[in-house]
Amino acid sequence: MFKNAITWTTDGANAGTVKYRKGRFYSTNVNGVLLSSEGLANQLTAELLNLVAFKYVSHVGNPKLMNNTMGEIMFNIPESIETQQYFSNCIELVINLIGKQEKAIDKLNKLKKYLLQELFI
């Protein structure tokens, strides 16, 4: 079991997809886990890694992004943990807002479908 870490898909069609996992979670055999006791495993780091990780995926046969390759990826990030946390919080707010909007769209689509069915009975 892990807590507050960054994961990425190591194998398959989604190889190289990076996510920040807030809270406790179990890892699988098709993902890698990045941990940091210094607070570097955060939403900002995950989003920045996600922008470049796909470039390092090996496409010989089944796509793969293995641990040793992930360890070699270089990217720019603010040095201050406070600055990283500030931007991480901003990203989380946007992600939550997008989720709420997606739920609202889903409800409206269901209402539309229902109304169209009732209209053409």
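The figures that follow rest on heavy atoms only: side chains count, while hydrogens, waters and symmetry mates do not.
- Taking 4.5 Å as the limit, every side-chain heavy atom of Phe54 sits out of range of all side-chain heavy atoms of Val18.
- Ile98 CD1 to Lys100 NZ: the interatomic distance, rounded to the nearest 0.5 Å, is 12.5 Å.
- Clustering ILVMFWY residues whenever any of their side-chain heavy atoms sit less than 4.5 angstrom apart, transitively, puts Met70 in the very cluster that holds Ile77.
- Nearest approach of Ala41 to Ser36, heavy atoms of both residues: N-CB, 3.5 Å.
- To the nearest 0.5 Å, atoms CG (Asn14) and CG (Asn31) are separated by 12.0 Å.
- One finds the OG1 atom of Thr69 at 7.5 Å from the CD1 atom of Ile73 (value rounded to the nearest 0.5 Å).
- Counting only residues at least two apart or on different chains, the side chain to side chain donor-acceptor pair (under 3.5 Å) pairs with a member in residues 44-60 are Asn42-Thr45, Gln43-Glu47.
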*asked:* Under the criterion side chain to side chain donor-acceptor pair (under 3.5 Å), I'd like the reasoning laid out for Asn89 against Gln85: C-alpha separation, chi angles, the key distance, then a yes or no.
replied: CA-CA 6 Å; Asn89 292 340; Gln85 196 55 53; 3.1 Å; yes
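- Within a 6.0 Å radius of NZ in Lys19, other residues, nucleotides and ligands contribute 12 heavy atoms or fewer.
- Minimum heavy-atom separation, Val33 to Ser27: CG2-OG, 3.6 Å.
- Of all heavy-atom pairs spanning Asn29 and Thr10, the tightest one is O-OG1, 4.3 Å.
- At distances below 3.5 Å, at least one donor-acceptor pair connects side-chain atoms of Asn4 with backbone N or O atoms of Gly23.
- Rounded to the nearest 0.5 Å, atoms CD1 (Ile95) and SG (Cys90) are 11.5 Å apart.
- Annotation: Met1, atom CE; neighbour count of heavy atoms from other residues, nucleotides and ligands within 6.0 Å is above 12.
- Within the 4.5 Å cutoff, the side chain of Leu65 has heavy atoms near those of the Trp8 side chain.
- Put simply, Val52 and Ile91 are part of the same group of oily side chains (I, L, V, M, F, W, Y) that touch within less than 4.5 Å, one to the next.
- Scanning both residues, Pro78 and Gln84, for their nearest heavy atoms gives O-NE2, 2.7 Å.
- Here the shortest heavy-atom pairing between Phe25 and Lys3 reads CE2-N, 4.2 Å.
- Once rounded to the nearest 0.5 Å, the distance linking CG of Leu49 with OG1 of Thr17 reads 12.0 Å.
- One finds the CD atom of Gln101 at 10.0 Å from the CG atom of Leu108 (value rounded to the nearest 0.5 Å).
- Within the structure, no pair that satisfies the ring-ring contact (aromatic ring centres under 6.0 Å, His included) test touches residues 66-95, not counting sequence neighbours.
- Among all heavy-atom pairs drawn from Ala5 and Leu35, the shortest one is CB-CD2, 3.4 Å.
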